Amino acid sequence: MVKISDKCYVHLNGKAIGYVSNPQAYVKEVRTARRKGLISGEVNVVYMEKLNEIHINTDRGRARKPYIIVEEGKSRFTKELAEKLEKKEIDFAYLIRSGIVEFLDAEEEENAVVAMTESEVNGDTTHLEVDPVSIFGFTVNTAPYPEANNVARHLMFASYIKQAQGLYATNFNLRFESRAYILFYPQAPLVSTSTYEALKLSRHASGQNFVVALSTFYGYNMQDAVVLNKAAVDRGLARSMFYKTYSDEERRYPGGQKDVFKIPPATTEGYLGEHAYSKLSDDGVIEPEMQVEEGDVLIGKVAPPRFLEESIGAGGLEEKTRDDSTTLKPGEGGVVDDVIFTESPGATRIVKVRVRSLRIPEAGDKFGSRHGQKGVVALIVPHEDMPFTENGVVPDLLLNPHGIPSRMTFGHLLETLAGKASAMKGTRTDGTAFTQTGSDRLDEYGKIIEAHGFDKYGEEVLYDGVTGRPFKAKLFTGVVYYNRLHHMVSNKMQVRSRGTVQILTHQPTEGKARLGGLRFGEMERDVLVAYGASLLLKERMLDQSDKATVLICKECGSIGYRDYAKRINICPLCNSNNLVEVEISYAFKLLLDEIKSLHIRPQVGIEE
Amino acid sequence: MAKQESKYGVQAGEPVGVIAAQSVGEPGTQMVLRTFHFAGIAASIATSGLPRIIELLDAKKTPSTPISKIYLNESSKKSFAKADEVAKKISEIEMRSITRRIVEDFSKGKILVMLNAQAMQAADLTAGHAAARLKKDLGLDAKVGKHGNIVIGTHTKNLKEVRAIAVKLTKSIVNGIEGAGRAMVAQDQKTQEFYVESAGSNIEPMMEIDGVDSSRIYTNDIFEMYRVFGIEAARTTLALELKKTLEEQEISVNERHIALIADAMTSSGTIQSIGRHGLVGKKESVFARAAFEETVKHLINAAAFGQIDYMRGVTENILVGKQIPLGTGSVKLSIKREEGKKKK
């Protein structure tokens with residue numbers, strides 16, 4: 001008889017299906033059967049000692065990872081097998097089939113004792129990592145020396161690399177991506193990793209090898225800012241092209257009406273003026289290689305009126321139309337790259353216009369290395385003002401050394417040194433995780449650099465380009481692979497002094513697309529209140545926002561109006577002519593109106 | 001006017017409230033992530049950080065972890081033994097924590113309470129002591145029976161009544177002061193004096209105990225301070241608690257900002273929370289209240305009762321677009337009309 005406490009419940013995909021009295025033996029049996037191929041290799045089983053429960057998982061959606069099976073202190077993946085694999089006599093699938101490699105899910109990993117390397121294997125070991133780098137993911141493994149960096153920086157790198165500009169596809173000139181960025185001179189990184197090579201990422205690289213000096217520059221690279229060399233930028237460093245696609249469709253409407261691509265006639269409602277359509281060809285669409293700027297129409301289109309009455313009304317023979325052209329928004333511009341006509345499944349015509357524009361690095365553009373170190377260009381310095389080395393080498397980028405210690409991105413420094421060694425030797429360096437110890441790497445790169453007559457720690461005397469004097473300290477210089485990220489000022493910059501307001505509230509609009517202002521919010525308001533700057537506050541909240549002048553009746557406190565024909569002010573409620581002009585916010589007027597709509601009569605008292 | 005200003009160091013029209021709010025609010029944003037630190041002695045498990053600040057500003061009726069400090073008078077504070085004696089008198093022990101089983105004998109109308117010897121020993125209690133306390137508190141006929149059990153005669157054989165007494169028993173207290181929690185002797189780091197710290201708060205009966213210095217007794221329950229000592233004591237306690245909580249988080253805020261908040265919360269003579277049920281909800285201006293929370297409620301009430309907004313606050317003046325009556329806006333310039341008219 002089995003006591004309740006001795007029962008070990010077995011859960012299949014989270015559902016209890018029975019119990020066993022000897023869990024260890026049971027779990028072992030399941031695993032043996034799986035390795036022999038008697039049951040599916042996708043079954044994972046775990047014995048949870050603390051709960052005294054067995055979980056068997058066969059459902060979908062579990063992340064699983066391959067491990068080499070180790071038995072009695074011996075790896076099942078023998079030297080003979082390794083040789084056969086090398087000769088391609090066997091493949092990975094064979095290893096899985098023959099019970100040499102198995103996949104574990106997150107739960108079964110709890111039961112495993114995994115050795116990182118073969119030398120770590122002992123009597124307790126149950127599995128061996130296929131490769132130590134597999135403790136990182138694919139993205140992290142494309143960066144060199146991930147084992148030398150802080151984890152948080154890995155996560156940051158993984159998100160930056162997705163924003164890097166490069167050669168995302170070699171047929172980019174045939175594609176109509178809504179937004180695309182193509183780097184002019186993509187380079188394979190000097191310091192690469194096995195994962196990077198296996199993924200063949202150098203075929204569509206997304207960065208360039210920058211000569212970097214860890215140096216300040218008259219305060220222009222404080223707080224993660226970077227300084228670029230003007231000469232390098234002029235030679236095409238990080239230069240890229242920005243492609244944007246605009247598209248439109250000739251939609252059909254119920255009632256047989258249809259949109260038409262054409263240059264809208266002047267009678268069209270919402271006509272933008274002859275000048276706006278001047279670049280369109282006869283078919284109503286712009287031609288390739290045409291220079292375009294903000295406000296220009298790319299696709300001319302006329303649409304039927306929004307409401308039925310409009311087309312019937314007025315009694316005219318000519319059918320009224322509405323302009324629905326596609327226009328370049330403020331701040332946009334460039335050259336029309338290509339235009340295509342296609343058809344939708346509903347047999348309506350579609351036009352796609354791709355506009356390209358050059359993006360030369362400028363102050364405000366964002367760059368990042370492969371160690372989660374990002375920075376915004378603050379200054380582009382003329383070549384002659386940049387610091388230079390004894391040999392006349394001028395760095396492409398100046399990185400502030402204060403950004404290194406607190407972030408603990410030691411990998412960045414290792415890459416700087418390895419990049420320098422690679423550049424001197426003329427070969428690429430492998431920076432795969434765990435292949436060498438940090439000090440071995442330092443020695444190796446140091447020796448190469450020393451052999452070429454430089455300081456083995458990568459430090460060099462730099463001369464200030466402005467004064468010509470050498471800096472007191474030697475500066476760490478080397479080569480680092482940098483990505484140009486797609487956040488660029490020219491796509492984001494916006495200014496406004498005055499402009500459009502919202503119809504409802506008469507307050508300025510919000511957002512770049514609507515040429516809006518920046519919100520002066522509640523907390524900003526509190527700051528002015530705390531400072532006691534009452535007039536500045538009034539200017540912000542009223543004069544530069546929704547100032548409205550209304551006439552208020554002195555007799556009854558309601559809002560009146562001016563009769564311009566009779567030249568008198570009238571209160572419609574009490575017929576009094578005793579009204580005063582008062583400046584209030586339109587929002588308050590709106591509030592009074594809304595209260596009135598609830599059949600409540602607000603009255604405004606005037607004090608003089 | 002000039003004399004008054006130099007006396008106080010703050011100029012007339014200075015928005016001290018907004019400055020206080022910002023001065024506490026800004027470092028407060030850094031607090032959120034740094035709660036739930038140090039494990040340690042029972043006393044330090046008290047709610048701290050942002051949850052405690054919220055508790056204080058919301059004027060919660062009871063703190064989630066009440067703690068009281070009972071200081072002793074001259075004759076008792078030097079001796080650990082005397083302090084421990086006081087602690088024993090305070091330390092609350094519930095019946096259920098020392099009983100093993102309660103057996104009701106309905107035929108005889110008796111209740112047999114079987115005690116847990118281990119728990120009794122740990123609490124330093126005897127069956128006689130417990131029985132005496134039950135007799136005193138509940139007026140029951142409690143005696144010590146065989147095997148150190150307590151036998152209670154109920155003088156009734158009514159099933160319901162016996163059961164009711166048994167239920168009452170489990171909830172009753174055999175030692176200490178109700179609500180006082182566990183009390184322990186602690187030593188002041190500076191003065192080396194002994195005092196009693198308890199994980200509960202019921203200071204009124206505590207003050208009656210021999211050896212307690214009732215003028216120095218302290219609890220972190222602001223409402224209890226208010227009930228026992230009055231609004232001024234509540235204000236001081238509130239300010240002290242706020243200050244202590246901020247200091248624990250290594251946030252330095254000038255005392256005056258905290259004092260102002262405590263002043264504002266207690267200025268009406270009772271403790272008001274900061275929020276729609278308290279200070280903000282009692283603002284004079286309809287617009288200011290409507291702009292904060294429950295817009296419709298305030299507007300409807302204003303309409304129903306024909307309320308007038310005198311436009312004396314900040315919010316309502318910004319709403320309509322007037323200059324605010326603070327800072328540079330607190331000064332008014334007026335011209336005597338009569339003189340102007342005379343010249344005409």
Side-chain angles (χ1 to χ4, degrees), chain A residues 152 505-508 519-550 552 556-557 559 580-608, chain B residues 10-26 28-29 257 260 285-288 290-292 295-296 298-335 337 340:
Chain A
T505 62
H506 286 203
Q507 285 168 4
R519 187 183 160 83
F520 192 80
E522 210 171 309
M523 290 172 87
E524 288 75 18
R525 180 207 78 153
D526 288 345
V527 169
L528 291 191
V529 173
Y531 194 69
S534 65
L535 282 168
L536 179 59
L537 181 67
K538 184 183 157 261
E539 183 176 304
R540 275 282 138 217
M541 307 302 291
L542 186 75
D543 304 335
Q544 303 199 343
S545 180
D546 59 348
K547 186 159 90 171
T549 310
V550 293
I552 287 172
C556 72
I559 295 176
V580 272
E581 266 190 11
V582 180
E583 278 176 5
I584 56 165
S585 70
Y586 191 82
F588 181 58
K589 194 231 155 208
L590 197 66
L591 175 69
L592 294 180
D593 289 347
E594 280 184 23
I595 291 172
K596 278 180 226 161
S597 73
L598 297 171
H599 280 202
I600 297 167
R601 181 178 164 215
Q603 287 170 283
V604 183
I606 303 291
E607 216 175 74
E608 275 184 71
Chain B
V10 173
Q11 289 187 357
E14 183 91 24
V16 282
V18 182
I19 294 171
Q22 289 181 349
S23 304
V24 178
E26 193 278 332
T29 58
H257 297 311
L260 185 76
S285 162
V286 181
F287 287 134
F292 179 61
T295 312
V296 178
H298 291 300
L299 289 181
I300 287 173
N301 277 338
F305 297 102
Q307 284 178 23
I308 298 171
D309 197 315
Y310 293 98
M311 312 296 291
R312 288 197 274 238
V314 174
T315 317
E316 55 267 35
N317 276 302
I318 292 176
L319 179 83
V320 301
K322 272 173 65 176
Q323 208 182 335
I324 54 164
L326 272 178
T328 54
S330 58
V331 197
K332 268 183 190 155
L333 190 68
S334 53
I335 301 163
R337 272 280 170 120

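Lettering of chains follows the sequences in order, A, B, ..., and the numbering in each one begins at 1. Quick caveat, the model's predicted, so the values are computed rather than measured.
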Tell me, which pairs form a salt bridge (Lys or Arg N to Asp or Glu O under 4.0 Å) where one or both residues lie in residues 525-539 of chain A, sequence neighbours left out?
A:K538-A:D543

So for A:I584, is it side chain, backbone, both, or neither that comes closer than 4.5 Å to the heavy atoms of chain B?
both

Do other residues, nucleotides or ligands put more than 12 heavy atoms under 6.0 Å from the CZ atom of A:R601?
yes

Only one of B:I318, B:I324, B:V320 passes side-chain contact (heavy atoms from CB on, under 4.5 Å) with A:M541, and that residue is B:I318

What part of B:Q22 gets within 4.5 angstrom of chain A, counting heavy atoms only: side chain, backbone, both, or neither?
side chain

Shortest non-hydrogen pair, B:L319 vs A:F588, comes out as O-CB, 3.8 Å

How long is the straight-line distance from CG of A:L591 back to CG of B:L299, given to the nearest 0.5 Å?
6.5 Å

Using a 4.5 Å heavy-atom cutoff, which residues in residues 528-536 of chain A come close to chain B?
A:V529, A:A530, A:G532, A:A533, A:S534, A:L535

Measuring heavy-atom distances to chain B, does A:V527 have an atom under 4.5 Å in its side chain, in its backbone, in both, or in neither?
both

